[in-house]
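Here's the structure we're looking at; comments come further down.
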Amino acid sequence: METLITILTGVLVTVATYFILSSNVQKVILGSAILSHAAHLLIMTMGSGLKNGRIPVLTDETGSFVDALPQALILTSIVISFAVTAILLVVAYRTYRATGLDNFYDWRGYKDE
Amino acid sequence: MNNLLVMPMALPVLAGILLIFFRNHIQVQRWTSFIIMLVNAGIGLYLLQVIQTEGILRLDFGGWEPPFGILFVADSFSILLVITTSIVAAVCLLYAFSSIGESYEKMFFYSFVNFLVAGVNGSFLTGDLFNLYVCFEIMLLASYILIVLGGKKVQLRESIKYIVINVLSSWFFLVAIAYLYGSIGTLNMAHISERIAETGQTPLLTVISMVFLTVFALKSGLLLYFWLPRSYIVPPVAVAALFGGLLTKVGIYAMIRVFTLFFYHEPSITHTIIGVMAAVTLITGSIGAVAYKDIRLIATYNVVIAVGFILVGLAVGTPEAIEGSIYYLIHDMIVKTLLFLLVGTVIALTSTSKLDEMSGLIQNYPVLGWLFFIVVFSLAGVPPLSGFIGKLLVSLGAIEAGSYVLLALALISSIFVLYSVLRILLHCFWGETMISSEDEVPLNKGRLIPCLILTGLTIGLGLGAEYLSPYVENAAYTLLNPEVYIDAVMYKD
């Protein structure tokens, strides 16, 4: 399972890198969103394995529990990446409204200050 | 345990939230924010005294003992930076009162300044690596808003680049944290340090340290500063000054912390790479500073040179050099804010930012001219101003460690700094005046007083270096002896 998730992470990073390297603003934003998902999956696999114990709810039976910390980290990080993606989308939209440009190449030498 | 520790972050957060509800009460917004910054500076000064007698302080949130909970740790280094941040932010707010304009003030400008300061202070104080990431994000989200607020076309264009590059570097930060957690199994900074010291810094950990280096190099503008100069010139003066004074410094703080607390076992690899990056930053920053005729760009390239200079101290790593870096970091926060404020004032008075289009301002505005004169010498490190002691100590450290190339580059870059700002002085202030006394724009007190305060501080910091030295020595001692930090966090009640 860890191997599968790691491969998935790699695929996501590849896709995101391809998007971010494009000149289209929307694709770059999409790329950054996908990239953050890849990081979340990476954090999840980085705990001591994906399923090597019980759910971390205390009962009378003793046994090993799954590390709950990565999940707390991912939750925080998901919220942050939501916020950042939202701001990025708004700024991109405002830029498009103001300048009519949604392509990074067109910004080169764009002088209207 | 000292609950005051959380205040430098909690007060600005609460004030920022509260001020959202006072959108139309500009006076309330102004003075609440200003007073919060002053209170923070006061708390910082008090905590600094307590640290000298009681040692490093910590606050475990929710009573979770380290390494299980999130905690704030205050040593002399972080508290010195918290104090400087609060003072710089207060002065920038003072400048904003008379220059930012009502449209900004009604669009939650003060709330976001508060959030920015909360993020900066939180980054300085936190003792948990993931919490450091969260505080970075708080700071960055506030800075995204502040840089785009106003909505001019050039602002929008630059802020997209700024946001995208910072999203990428945050992603690297997350990946670095994931790898470190995977190999060390903890996020408490003292605990990480302890475990790395136990197992030794394996090649895997050194690779992870390189990911951290990439992250903090992007945030602080060490070598990877390509995004910095253009994006720092688009927001209004008060915001640009706040950015120039604070944002890159958080990256520098994190880098110093990570490479003195975690990854200090293989300096021949990590610190050499930092040294090479600092050297290239000094060279390219110097070229940038003399290449442009836009005075705002000259000022931003000066920020880049200072980043290189401070990290020369870290790369050298002797006690003197680290002390010098700390002095220079504090000096740089104050004097870069002052430089940005003065440059912004000049632009506001002449309504141009090109060197060729202005001259003889000192005849119209003598005080401004003399303030700029002092800044030039403070930046160049002429005694008795505040830049001198930092440059002296870093140079001494570099001589002691035998890093003569870094020493030469650091000193040559000072000459370039001097030349670049002297060029502003000669072109803008010397020569025939271009403004006749009829169309002279009056220089109001609201713009002048913040500059006067900061000039006073840079002179005071230079003359009063002796009073500061016990604190800086203590800060450097903690940085160079990680066991002090570990002991205070892990084993003290």
Side-chain angles (χ1 to χ4, degrees), chain A residues 2 6 9 13 16-17 20 25 28-29 31-49 67 69-70 72-74 76-102 104 106-108 110-113, chain B residues 67-70 128-131 133-138 140-145 147-188 208 211 230 233-234 294 296 353:
Chain A
E2 280 83 14
T6 314
T9 310
V13 172
T17 311
I20 282 179
V25 177
V28 171
I29 298 173
S32 77
I34 294 174
L35 207 53
S36 72
H37 290 312
H40 301 155
L41 287 180
L42 185 71
I43 296 176
M44 200 141 76
T45 42
M46 273 300 158
S48 44
D67 186 1
L69 195 63
L73 302 186
I74 293 167
T76 318
S77 156
I78 286 174
V79 175
I80 291 172
S81 84
F82 265 157
V84 173
T85 310
I87 284 189
L88 202 45
L89 281 169
V90 170
V91 174
Y93 177 66
R94 279 295 299 270
T95 314
Y96 179 69
R97 287 285 297 274
T99 64
L101 299 179
D102 67 345
F104 282 110
D106 299 343
W107 286 356
R108 185 179 289 169
Y110 181 78
K111 291 224 188 307
D112 189 8
E113 302 185 0
Chain B
F68 300 111
I70 291 174
D128 182 279
L129 199 57
F130 193 77
N131 202 229
Y133 165 77
V134 174
C135 289
F136 257 96
E137 288 302 310
I138 293 174
L140 287 172
L141 277 167
S143 78
Y144 300 156
I145 303 293
I147 199 171
V148 80
L149 207 59
K152 280 184 285 187
K153 284 181 187 174
V154 58
Q155 272 183 314
L156 289 163
R157 187 187 68 193
E158 290 306 324
S159 48
I160 284 228
K161 290 188 218 161
Y162 176 78
I163 299 174
V164 168
I165 199 74
N166 273 302
V167 167
L168 265 183
S169 67
S170 298
W171 180 76
F172 275 112
F173 200 173
L174 215 50
V175 169
I177 289 174
Y179 283 146
L180 194 63
Y181 183 70
S183 48
I184 295 292
T186 178
L187 288 170
N188 181 302
I208 295 172
V211 185
R230 299 264 167 199
I233 65 174
V234 290
D294 187 320
R296 293 172 301 178
S353 63

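Below, all heavy atoms of this structure are taken into account, side chains as well, without hydrogens, waters or symmetry copies.
Across Gly151(B), Ser183(B), Gly182(B), the residue that shares the most heavy-atom pairs under 4.5 angstrom with chain A is Gly182(B). Of all the listed residues (Leu141(B), Val134(B), Val148(B), Val234(B)), the one sharing the greatest number of non-hydrogen pairs under 4.5 Å with chain A is Leu141(B). For chain A, the option among Asn166(B), Leu156(B), Leu140(B) with the highest count of heavy-atom pairs below 4.5 Å is Leu156(B). The candidate from Ile160(B), Val167(B), Val164(B), Ile163(B) with the greatest count of non-hydrogen atom pairs under 4.5 Å with chain A is Ile160(B).
Heavy-atom neighbours of Tyr96(A) OH from other residues, nucleotides or ligands within 6.0 Å: at or below the threshold of 12. In the displayed structure, Lys161(B) atom NZ is contacted under 6.0 Å by more than 12 heavy atoms of other residues, nucleotides or ligands.
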Side-chain donor-acceptor pairs under 3.5 Å in residues 171-179 of chain B, sequence neighbours left out?
{"from": "Trp171(B)", "atom 1": "NE1", "to": "Leu35(A)", "atom 2": "O", "distance (Å)": "2.7"}

List the atom pairs, with distances to 0.1 Å, where a side-chain N or O of residues 83-94 of chain A and a protein N or O form a donor-acceptor pair under 3.5 Å, not counting sequence neighbours.
{"from": "Thr85(A)", "atom 1": "OG1", "to": "Ser81(A)", "atom 2": "O", "distance (Å)": "2.6"}
{"from": "Tyr93(A)", "atom 1": "OH", "to": "Arg97(A)", "atom 2": "NH1", "distance (Å)": "3.0"}

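Within the 4.5 angstrom heavy-atom criterion, no atom of Ile138(B) approaches chain A. At a 4.5 Å heavy-atom cutoff, the contact between Ile145(B) and chain A is made by side-chain atoms alone. For Val79(A), no part lies near chain B; criterion is any non-hydrogen pair under 4.5 Å.
A 4.5 Å side-chain heavy-atom check between Leu168(B) and Ile20(A) finds at least one atom pair inside the cut-off. For the pair Tyr181(B)/Leu69(A), a side-chain contact is recorded, criterion being any heavy-atom separation below 4.5 Å from C-beta on.
Within the model, atoms CG of Leu73(A) and CG of Leu129(B) stand 10.0 Å from one another, a figure rounded to the nearest 0.5 Å.
When all heavy atoms of Thr95(A) and Arg157(B) are compared, the closest pair comes out as CG2-N, 4.5 Å.
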